[in-house]
Amino acid sequence: MINITFPDGAVRQYENGISALDIAKSISEGLARKILAANVNGQVWDATRPINEDASLNLLTWNDKDGKSTFWHSSAHLMAEAVEAVFPGVKFWVGPAIENGFYYDMDLGDTKMTEEDLAKLEKKMNELAKQNNVYTRKEISKPEAIQYFSNKKDEYKLDLLQGLHDGEITFYSQGNFTDLCRGPHIPGTGFIKAIKLTSIAGAYWKGDEKNKMLTRVYGITFPSQKELEEYLQMLEEAKKRDHRKLGKELGIYTMDDDVGQGLIMWLPNGTVIIEELEKLAKETENAGGYKRVVTPHIAKESMYLTSGHLPYYADSMYPPMEMDGEKYYLKSMNCPHHHKIFAAEPKSYRDLPYRIAEYGTVYRYEQSGELFGLMRVRCLHMNDAHIYCTKEQFNDEFRAVNDMYLKYFKIFGIDKYVMRLSLHSPEKLGIKYVNEPELWKETETMVRNVLTESNIPFVEVQDEAAFYGPKIDVQIYSAIGREFTLATNQVDFSQGRSFKLEYTDQTNKPETPLIIHRAPLGTHERFIGFLLEQYAGKFPVWLAPLQVKVLPISDKFLDYAKTVSQKLKNADIRTEVDDRQEKIGKKIRDTELMKVPYMLVVGEKEMNEDKVAVRRQGKGDIGVKGIEEFLNEIITEIKDRRAE
RNA sequence: GCCACUUUAGCUCAGCUGGUAGAGCAACUGAUUUGUAAUCAGUAGGUCGUUGGUUCGAUUCCGACAAGUGGCUCCA
């Protein structure tokens, strides 16, 4: 007999070799029908795998993260079985569960899979699921495993086997499909009731673009049709707040073939938002002791050789313009120009920290396939700044920048983000990162300390640093789930030396400053894209391109509407009058759809009493007010940058 | 850049197996003068992304290119 400890602490005795599924059955049949896998002594196991020792046990269902991923991983195997049936001779690479569903990478040889095939595969998967084939686990020796896949001429699985040790190799089979797999899997295919193969994509083998491109099929499955429908519904909702859709509907930005890919033109509405953001940045930076500078959009090749950017990023810079034998590049970062400003006048320790900020425009020739709405573009505007400081000052300065981020996030109501401490990767020193192991270590510790001292939760990720130093990145997700860096705060121990930047210290000796690169509002392109999605287009009043629309009931009240509008304009409120000969219902509808925060309905009553009937977007009629009263309220709301 | 798909009026989308195109909204004109999410009628608007080819004939079939979409790679 063995002792099984349940999550609530209860201990029960069972026969040696009992499975989690049998234990579930002993509790209730209903429970057993929901068990997908089990957590046995901290490891996720097949529910059907015999337990041979005392163990803590947590039964996993669809409601558990591990239960879901087991379900999806098993779905990947089910899909592989269907693919093998429809595309004989296919070879598989790996097929993991992902955040939403699963994929399987495969080599189809010369055959091409198209979207029409997905329907066929879904049909086949449904058939196989209905057979409720059991997933069986089999331990196998390495030579046997190699034999099996050699017979199958499957070089991919043989490649995987190379990295595995004898004694840890298992096969899983269901129906006619056997795969090299660590597991675990759900008990049977019958659990999978709803299947949707979402897309076909290419994916480089082992994620390396020098390798062959495999075919990747993405899918998602559910234990009931209803859940699939809910998921699809949710995707539809997410699409409604996609910044590309809202950006068009609300007249925020446009692009044009004749201008070029990834080159954003900001329409008047979008420009208002940019200017409000920049105004906020200026106020904040003035208070933080920054000075503003302006630099050109181009610079000579020699500067980017000095900075070290060229060897790392030549491919993603626009090609140089050649004039009188000199090569000029469009700048793809502001840093070098700022360093030159630092170097323009001699600095002493008394001048530090030296903080300079610019509303900078940079150009990056991102690969065409990487472009994405406002999130990834080729011409970027950023609220950029560089801080030059001593090592002693670093902690305070870096922390002040971090605090600035948090202050901004509070203003914008941004709370769904992940702070990422982006570290270098020692294997790539001298390739992707400047070869200064000691300085990496030192600065990474400094940055980590700032985060720890500030009590900010963060994750550490290797191989995400800039080439010149570690950084803190703020990661966010777009409406459709893509991950982006919204803001970044970087340490640079390298460029100060490359540019021979110096200040005179207290003992009259030259010293190289540390540099902090920071862009808390990221690029305006990405930031506004993010805000569009965050607010679903309903900007807070201070950011709204149009803040108030005055809606006269009929032409008779047009003059009064214009008077009201003028009073608002005099107070710098962005306002317009809807002077169309339409019914008030139509005017309201159109203004609601344009997400204008305030509508002032004016008719006979309002005109006679010098008042306005206030309607708040999304909230409806909020009552009649005197013009002065409304004006005072909205001015305060704007001044406070109230989130709603 | 790579894999797959898409591209029809300003926008959203119809258009069966090849015979040069339609709707709703928007725009314009007229009527209506309206009280909190769509007043009615009329008019105009497209060498069907560009470009080659097949064909008596191509929006429709094939190729190339461009842009877009979902991924991969990348993101100073």
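Just so we're on the same page: letters track the sequence lines, and every chain starts at 1.
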Of the nucleotides B/U36, B/A76, B/G70, which one has an atom closest to the side chain of A/Ala201? B/G70

Does the base of B/C74 carry an N or O that pairs as donor and acceptor with the side chain of A/Arg376 under 3.5 Å? yes

Counting side-chain heavy atoms from C-beta on, which of B/U33, B/C72, B/A37 comes nearest to A/Tyr204? B/C72

Need one value for A/Lys432: base, sugar-phosphate or nothing, where a base atom within 4.0 Å counts as base even if backbone is also close, heavy atoms only. sugar-phosphate

Establish, for the pair A/Arg482 and A/Phe372, whether the NZ or CZ atom is under 6.0 angstrom from the six-membered ring centre and no further than 45 degrees off its axis. yes

For the side chain of A/Ser332, starting at C-beta, report the closest nucleotide among B/G71, B/A76, B/U39. B/A76

Base, sugar-phosphate, or nothing for A/Lys471, non-hydrogen atoms under 4.0 angstrom? sugar-phosphate

Pair A/Lys331, A/Thr295: side-chain N/O donor-acceptor within cut-off below 3.5 Å: yes

Relative to A/Tyr598, does A/Arg616 satisfy both conditions: NZ or CZ under 6.0 angstrom from the six-membered ring centre, and within 45 degrees of the ring's axis? yes

Could you check whether A/Tyr218 gets within reach of a base, just the sugar-phosphate, or nothing at all, counting any heavy atom under 4.0 Å? sugar-phosphate

Give a yes or no on whether a salt bridge exists between A/Lys206 and A/Asp159, defined as a side-chain N under 4.0 angstrom from a carboxylate O. yes

Looking across every strand, which nucleic acid part, if any, lies under 4.0 Å from A/Glu115 by heavy atom: base, sugar-phosphate, or nothing? sugar-phosphate

Using atom CD of A/Gln367 as one end and atom P of B/A66 as the other, report the distance to the nearest whole Å. 14 Å

Pairwise C1' distance for B/C28 and B/U7, with rounding to whole Å: 28 Å

Determine the interatomic distance between C1' on B/U8 and the same-named atom on B/U60; round to the nearest Å. 11 Å

Remember a base hit wins even if backbone is also touched, and classify A/Ile584 as base, sugar-phosphate or nothing at under 4.0 Å, heavy atoms. sugar-phosphate

Considering just the side-chain nitrogens and oxygens of A/Arg244, establish if one lies under 4.0 Å of OP1 or OP2 belonging to B/U69. yes

Which is true for A/Gly585 with a 4.0 Å heavy-atom rule: it touches a base, it touches only sugar-phosphate, or it touches nothing? sugar-phosphate

